[in-house]
Amino acid sequence: MVYRPHMKLFYSIIIFVFCFMTGCATVNIEQKNIFPFRAEFEIKGNTGNLGNNLNGAMLISSPESGISELYGPGGIAFYILKLDDGNARLTDTWGREIDSYKVPIKDIAGLLAGIPPSGLRCKKKNENGETQLKYLWGDVLLDKHLLPVEVNIKGGQKINAIFSKTASGIDLMIAWGSDNFIINISVIEGGRWQDAESEMQNVR
């Protein structure tokens, strides 16, 4: 078989049609009162060079942008992580860049507030009322209130994240390459974690 450049476009169209026929969907979430999303968090586990136990706070202003601060002794911020449209940048207190990378989900910040990512997706519902969304970069499992339950990101270093609701917010269990850690998130303001059930009843 002779390869032709237009075959790439042909395969993309076939994938699109297949997704459409098997249930492509747009999960529309009302964003009123969701942003700004503010929370405090504690990280426990193996997080590479950052240590085993860290505290911090986050402010998410939209599904595409947010900022997190990691605190050291005395509550002083010694690491700052900024997310903007899929670009992540880690700096120290003085603004010196430590690392930067591209995140495959441009609106990944919205996941922490309880909003599913946008983009092309294939939707499949199971008998428990959960919804699985398929993306080119991986998949997301939502509960019956359309809150994230599990996220899988494909790539060189696969990422698996499991969301568990708690009385104060969520516990986020993450496996990222050789790192395994839990983030206990306590919601201060905004997000969908506390009000999603009543929100879905209003939609109905």
Stepwise side chain to side chain contact (heavy atoms under 4.5 Å, CB included) test for I98 and Y79: CA-CA 9 Å; I98 297 171; Y79 287 121; 3.0 Å; yes

If every non-hydrogen atom of [X] is compared with every non-hydrogen atom of [Y], which pair is closest and at what distance?
{"X": "S164", "Y": "M173", "value": "OG-CE, 3.7 Å"}
{"X": "G169", "Y": "V187", "value": "CA-CG2, 3.8 Å"}
{"X": "A113", "Y": "F35", "value": "CB-CE2, 4.0 Å"}
{"X": "S62", "Y": "A109", "value": "O-CB, 3.9 Å"}
{"X": "L172", "Y": "A161", "value": "CD1-CB, 4.0 Å"}
{"X": "L111", "Y": "P117", "value": "CD2-CD, 3.8 Å"}

V103 with L90, same ILVMFWY side-chain cluster at under 4.5 Å: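 Per the 4.5 Å side-chain linkage, V103 and L90 are co-clustered.
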
Report the distance from atom [atom1] of [X] to atom [atom2] of [Y], rounding to the nearest 0.5 Å.
{"X": "L59", "Y": "E69", "atom1": "CG", "atom2": "CD", "result": "9.5 Å"}
{"X": "D107", "Y": "S65", "atom1": "CG", "atom2": "OG", "result": "10.5 Å"}
{"X": "I108", "Y": "D85", "atom1": "CD1", "atom2": "CG", "result": "12.5 Å"}
{"X": "W137", "Y": "I159", "atom1": "CH2", "atom2": "CD1", "result": "10.0 Å"}
{"X": "I182", "Y": "D171", "atom1": "CD1", "atom2": "CG", "result": "7.0 Å"}
{"X": "K144", "Y": "K125", "atom1": "NZ", "atom2": "NZ", "result": "11.0 Å"}

Intermediate values then yes/no, side chain to side chain contact (heavy atoms under 4.5 Å, CB included), L70 and L81: CA-CA 8 Å; L70 296 174; L81 176 66; over 6 Å; no

Side chain to side chain contact (heavy atoms under 4.5 Å, CB included) between I67 and I80, intermediate numbers included: CA-CA 7 Å; I67 184 169; I80 299 171; 3.7 Å; yes

Quick one: are [X] and [Y] in side-chain contact, heavy atoms under 4.5 Å?
{"X": "N33", "Y": "D195", "value": "no"}
{"X": "L54", "Y": "F181", "value": "no"}
{"X": "N126", "Y": "Q132", "value": "no"}
{"X": "T91", "Y": "R96", "value": "no"}
{"X": "I174", "Y": "I183", "value": "yes"}

Is a donor on one side and an acceptor on the other found under 3.5 Å between the side chain of [X] and the backbone of [Y]?
{"X": "T93", "Y": "A77", "answer": "yes"}
{"X": "K158", "Y": "N152", "answer": "no"}
{"X": "N128", "Y": "E130", "answer": "no"}
{"X": "R192", "Y": "H145", "answer": "yes"}
{"X": "Y135", "Y": "I105", "answer": "no"}
{"X": "K106", "Y": "S118", "answer": "no"}

NZ/K32: more than 12 non-hydrogen atoms of other groups inside 6.0 Å: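 Check fails, neighbour count at 12 or below.
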
Identified side chain to side chain contact (heavy atoms under 4.5 Å, CB included) partner of F163 from the options I185, V149, V151: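 Of I185, V149, V151, side chain to side chain contact (heavy atoms under 4.5 Å, CB included) with F163 is met by V151 alone.
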
Plane angle bin for Y101 and W176 - parallel if under 30°, tilted between 30 and 60°, otherwise perpendicular: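 Because their plane-to-plane angle is over 60°, the rings of W176 and Y101 count as perpendicular.
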
E40-N55 side chain donor-acceptor pair, cut-off 3.5 Å: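 Their side chains do not contain a donor-acceptor pair, so the 3.5 Å distance test is not met.
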
